[in-house]
Amino acid sequence: MTAEVVDVRERPTVADFTVRRTATTRWSDNDMYGHLNNAVYYQLFDAAINGWIIEQSGLDPVAAPVVGVVAESACRYFEQVQFPQALEVGIRVARLGRTSVTYDLGLYPAELPETATVAARGRWVHVFVDRDALRPVPIPANLRRLFESATG
């Protein structure tokens with residue numbers, strides 16, 4: 001893994017992720033093939049990233065004058081996950097710019113050993129914007145510190 005590029009074709013290990021968040025699957029997450037529908041992976045990534053930011057920084061996403069909007073996302077699937085299954089989402093900041101952050105994400109069954117590879121790998125880019133003007137602005141200092149703590 002490089003610090004600048006997230007190549008979702010590469011399959012990292014659990015140990016590659018700085019932050020780990022538990023994820024809960026639901027009965028409705030399974031599709032007709034018996035595994036999590038692809039859109040659910042994006043919901044899990046979104047919930048993990050935003051839950052981490054809110055819990056660790058105190059950000060109020062409803063009232064904050066600066067918000068992160070998704071500018072890009074991708075996912076590569078290596079193995080099936082399904083309901084019921086305890087999962088984790090690994091988060092690592094791959095790139096931290098002036099107005100944007102790129103996350104490297106891994107989804108995998110909970111309690112895997114550090115050497116195990118992920119079931120899916122994602123890339124997610126937040127661009128921070130002024131809530132009213134919807135124009136890019138510098139990442140607030142408290143969020144920048146949080147993101148710096150999760151660089152790989």
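Only heavy atoms go into these numbers, but all of them, side chains included; no hydrogens, no water, no symmetry mates.
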Shared hydrophobic cluster, [X] / [Y] (ILVMFWY, side-chain heavy atoms < 4.5 Å):
X      : Y      : result
Leu59  : Val125 : no
Leu96  : Val70  : yes
Leu105 : Val127 : no

Tell me if the CD atom of Glu111 is crowded by more than 12 foreign heavy atoms within 6.0 Å.
no
Would you give the length of the straight line joining atom [atom1] of [X] to atom [atom2] of [Y], rounded to the nearest 0.5 angstrom?
X      : Y      : atom1 : atom2 : value
Leu107 : Glu88  : CG    : CD    : 9.5 Å
Tyr108 : Thr117 : OH    : OG1   : 12.0 Å
Gln43  : Arg26  : CD    : CZ    : 5.5 Å
Ser73  : Tyr42  : OG    : OH    : 5.0 Å
Tyr41  : Leu87  : OH    : CG    : 8.0 Å

Compile the donor-acceptor pairs under 3.5 Å between side chains in residues 129-143 and protein atoms, sequence neighbours left out, one pair per line.
from   : atom 1 : to     : atom 2 : distance (Å)
Asp130 : OD1    : Asp132 : N      : 2.9
Asp130 : OD1    : Ala133 : N      : 2.6
Arg131 : NE     : Ala64  : O      : 2.7
Arg131 : NH2    : Pro61  : O      : 2.5
Arg131 : NH2    : Val62  : O      : 3.3
Arg131 : NH2    : Ala64  : O      : 3.0

Has Asp16 got a side-chain atom pairing as donor or acceptor with Thr13's backbone, closer than 3.5 angstrom?
yes
Between the main-chain N or O of Glu10 and the side-chain N or O of Arg121, is there a donor-acceptor pair closer than 3.5 Å?
yes
Is the shortest side-chain heavy-atom distance between [X] and [Y] below 4.5 Å?
X      : Y      : answer
Trp124 : Ile49  : yes
Phe128 : Val101 : yes
Arg95  : Ser100 : yes
Leu44  : Asp29  : no

Could you list the residues that satisfy side chain to side chain contact (heavy atoms under 4.5 Å, CB included) with Ala116, not counting sequence neighbours?
Val14, Leu112, Pro113
Could you tell me which residues satisfy side chain to side chain donor-acceptor pair (under 3.5 Å) with [X], sequence neighbours excluded, listed by chain and number?
X      : value
Tyr103 : His126
Asp46  : Asn50
Arg144 : none

Identify each donor-acceptor pair in which a side-chain atom of residues 79-86 lies under 3.5 Å from a protein atom, sequence neighbours left out, and give them as a table.
from  : atom 1 : to    : atom 2 : distance (Å)
Glu79 : OE2    : Arg11 : NH2    : 2.5
Gln80 : OE1    : His35 : ND1    : 2.8
Gln85 : OE1    : Gln82 : N      : 2.9

Name the orientation class of the two ring planes belonging to Phe147 and Trp52 (parallel below 30°, tilted from 30 to 60°, perpendicular beyond 60°).
tilted
Go through the steps for Asn30 and Leu36 under the test side-chain contact (heavy atoms from CB on, under 4.5 Å), then give the verdict.
CA-CA 4 Å; Asn30 280 358; Leu36 257 57; 3.7 Å; yes
For the residue pair Val89 and Ala23, what are the closest heavy atoms and their distance?
CG2-CB, 4.3 Å
